[in-house]
Number of protein chains: 2
Amino acid sequence: MQITSKFTIAVHIVIAVDYFKDSQKVTSNFLAGSVGANPVIVRNVMGDLKNAGIISISQGKSGMALARVLEDITFYDVYRAVSCVSDEGLFHFHEKPNMDCPVGRNIHKVLDEELLGVQNAMEAQMKAVKLSDIVNKTRREIANEVNSQA
Amino acid sequence: MQITSKFTIAVHIVIAVDYFKDSQKVTSNFLAGSVGANPVIVRNVMGDLKNAGIISISQGKSGMALARVLEDITFYDVYRAVSCVSDEGLFHFHEKPNMDCPVGRNIHKVLDEELLGVQNAMEAQMKAVKLSDIVNKTRREIANEVNSQA
DNA sequence: GCCTCATGTAATGATAGTTATTACATGATA
DNA sequence: TATCATGTAATAACTATCATTACATGAGGC
């Protein structure tokens, strides 16, 4: 099991929208080139990010732009935007526990709270990662590249 | 995306093996009845739990038994036993970021550490949940049932 | 020592989710 | 108004999950 690549694509998009904002017209085709995925996939993710209020989309010269400052965007916001995890929860429960069995009859009452706790721990960590830090890290890495070449 | 039901099935199995150890011969068919899943699925999960050293399997009268005390089994042990998450990691990365793009070229360097941090947070919470607590909770719930009926 | 029965495993199929792709309608902006 | 980007529908390939049938293997009970 893995969380769909729509999540890393979405983060990639946010980084690129910020990074190229002064040098490029950022369109779905341009982003698809950077991400290495199909433009339709990118447009769908763009739509998710727009609906979540993370980016704004214009067809004009300005192209895409961030709708909020990077400090106010976390991994969790992006993760929610692209619906990585089913509304049923992170864990898929077996669907037909036997109600005539004392264990089967109580299995949800016994596990649901702890399973939600695990999901909450994951999501809390996602809330702790700010896109501003990610973008700063990206700029540092790119700057380092140039320095090592010189 | 959801974590396979093999995880909740495996936890169900551990609970049932302990709960019925004095009253029933616990076999894959019996467990399949309690879980409400196919006996082959149950046998596969049993095999995973055996390989992880969590249960021992005998064909004789004794049936299945725990190979360790419940205090020494956590959600994480069960989660590892049934291989819920790809070895590649919890997050599926888009596979062809553009190496000619400064963002695409550095996206792994920028994200891998934080993504692993999220996965670690989830797994740390799983390590904090002991099956002994889960089994005790199960026994309490079943006891409550009887009391409410009376 | 043989018989029974549970486990282990292979093979197949149904279903659903993910990603890619073509195609086209819509709508904003230059 | 022409252009070009977005939005979206439809289809397909691929993979993962779960169910199911079938059968070989092997351990325990008698």
Side-chain angles (χ1 to χ4, degrees), chain A residues 1-10 12-13 17 20 24-33 35-52 55-65 67 82-97, chain B residues 1-10 12-13 16-17 20 24-33 35-52 55-65 67 82-88 90-97:
Chain A
M1 187 279 312
Q2 286 191 301
I3 288 177
T4 168
S5 62
K6 279 171 71 176
F7 175 72
T8 56
I9 290 174
H12 189 136
I13 287 174
V17 165
F20 291 108
Q24 297 276 337
K25 179 171 168 185
V26 180
T27 67
S28 62
N29 277 306
F30 173 74
L31 288 173
V35 168
N38 192 280
V40 176
I41 305 290
V42 171
R43 289 207 281 273
N44 283 330
V45 173
M46 279 163 48
D48 291 337
L49 291 172
K50 186 180 73 171
N51 290 336
I55 64 173
S56 63
I57 299 180
S58 138
Q59 292 181 346
K61 165 175 86 189
S62 51
M64 254 166 287
V82 297
S83 309
C84 288
V85 164
S86 161
D87 292 340
E88 318 286 305
L90 177 60
F91 293 89
H92 184 194
F93 224 104
H94 48 294
E95 288 165 17
K96 296 169 296 191
Chain B
M1 186 280 311
Q2 286 191 301
I3 289 176
T4 167
S5 62
K6 279 172 73 177
F7 175 72
T8 56
I9 291 173
H12 189 135
I13 288 174
V17 165
F20 291 108
Q24 297 274 339
K25 179 171 168 185
V26 180
T27 67
S28 61
N29 278 305
F30 172 74
L31 288 173
V35 168
N38 192 279
V40 175
I41 305 290
V42 171
R43 290 207 280 273
N44 282 331
V45 173
M46 279 163 48
D48 290 339
L49 291 173
K50 186 181 74 170
N51 290 335
I55 64 173
S56 62
I57 298 180
S58 137
Q59 293 180 345
K61 165 175 86 190
S62 52
M64 254 165 286
V82 297
S83 309
C84 288
V85 164
S86 160
D87 292 340
E88 318 286 306
L90 177 61
F91 293 89
H92 184 193
F93 224 105
H94 49 293
E95 288 165 17
K96 298 170 294 191

### Quiz item: A/Gln59 side-chain donor-acceptor pair to C/dG27 base, under 3.5 Å
yes
### Query
Looking only at heavy atoms, which two atoms of A/Asn38 and A/Val40 are closest? And how far apart?
OD1-N, 2.9 Å
### Task
Mark yes or no for whether B/Gln2, through its side chain, and A/Gly89, through its backbone, hold a donor-acceptor pair below 3.5 Å.
yes
### Query
Does the side chain of A/Met46 come within less than 4.5 Å of A/Ser28's, by heavy atoms?
yes
### Task
Using heavy atoms to find the nearest nucleotide of DNA chain C for B/Asn29 and B/Lys96 separately, return the residue whose nucleotide is more 5′.
B/Asn29
Report all interatomic pairs (protein N or O, nucleotide N or O of nucleotides 8-11 of chain C) with separations under 3.5 Å.
residue: C/dG8; atom: OP1; partner: B/Lys50; partner atom: NZ; Å: 2.6
residue: C/dG8; atom: N7; partner: B/Arg43; partner atom: NE; Å: 3.0
residue: C/dG8; atom: O6; partner: B/Arg43; partner atom: NH2; Å: 3.0

#### Entry: Beyond-backbone contact of B/Thr4 with B/Val82, side-chain heavy atoms, under 4.5 angstrom
no
## Note on the structure
Looking only at D/dA27, D/dA19, C/dT21, the nucleotide nearest the B/Asn38 side chain is D/dA19
Distances for protein N or O near nucleotides 12-18 of chain D N or O, under 3.5 Å:
residue: D/dC18; atom: OP1; partner: A/His92; partner atom: ND1; Å: 3.1
residue: D/dC18; atom: OP1; partner: B/Ser5; partner atom: N; Å: 3.1
residue: D/dC18; atom: OP1; partner: B/Ser5; partner atom: OG; Å: 2.7
residue: D/dC18; atom: OP2; partner: B/Thr4; partner atom: OG1; Å: 2.4

## Note on the structure
Note: B/Lys25 and B/Gln59 closest approach over all heavy atoms is NZ-O, 4.0 Å
### Task
Identify the heavy atoms of B/Ala10 and B/Leu49 that sit nearest to each other, and give their distance.
O-CD1, 4.0 Å
## Note on the structure
When every non-hydrogen atom of B/Phe91 is compared with those of A/Ile3, the smallest separation belongs to CE2-CD1, 3.7 Å
### Task
Say whether B/Ser5 and A/His92, considering side chains only, have a donor N or O and an acceptor N or O under 3.5 Å apart.
no
### Summary
Taken to the nearest whole Å, CG/A/Asp48 to P/C/dT18 is 12 Å
### Query
Within less than 4.0 Å of OP1 or OP2 of D/dA5, is there a side-chain N or O belonging to A/Ser28?
no
### Query
Side-chain contact, heavy-atom cut-off 4.5 Å: A/Met1 with B/Leu90?
yes
### Query
A/Leu49 has an atom CG; how far is it from atom P of D/dT6, in whole Å?
13 Å
### Query
To the nearest angstrom, how far is B/Phe93 atom CZ from C/dT18 atom P?
18 Å
### Query
Roughly how many Å is it from CE in B/Met64 to P in C/dC5, rounded to a whole number?
17 Å
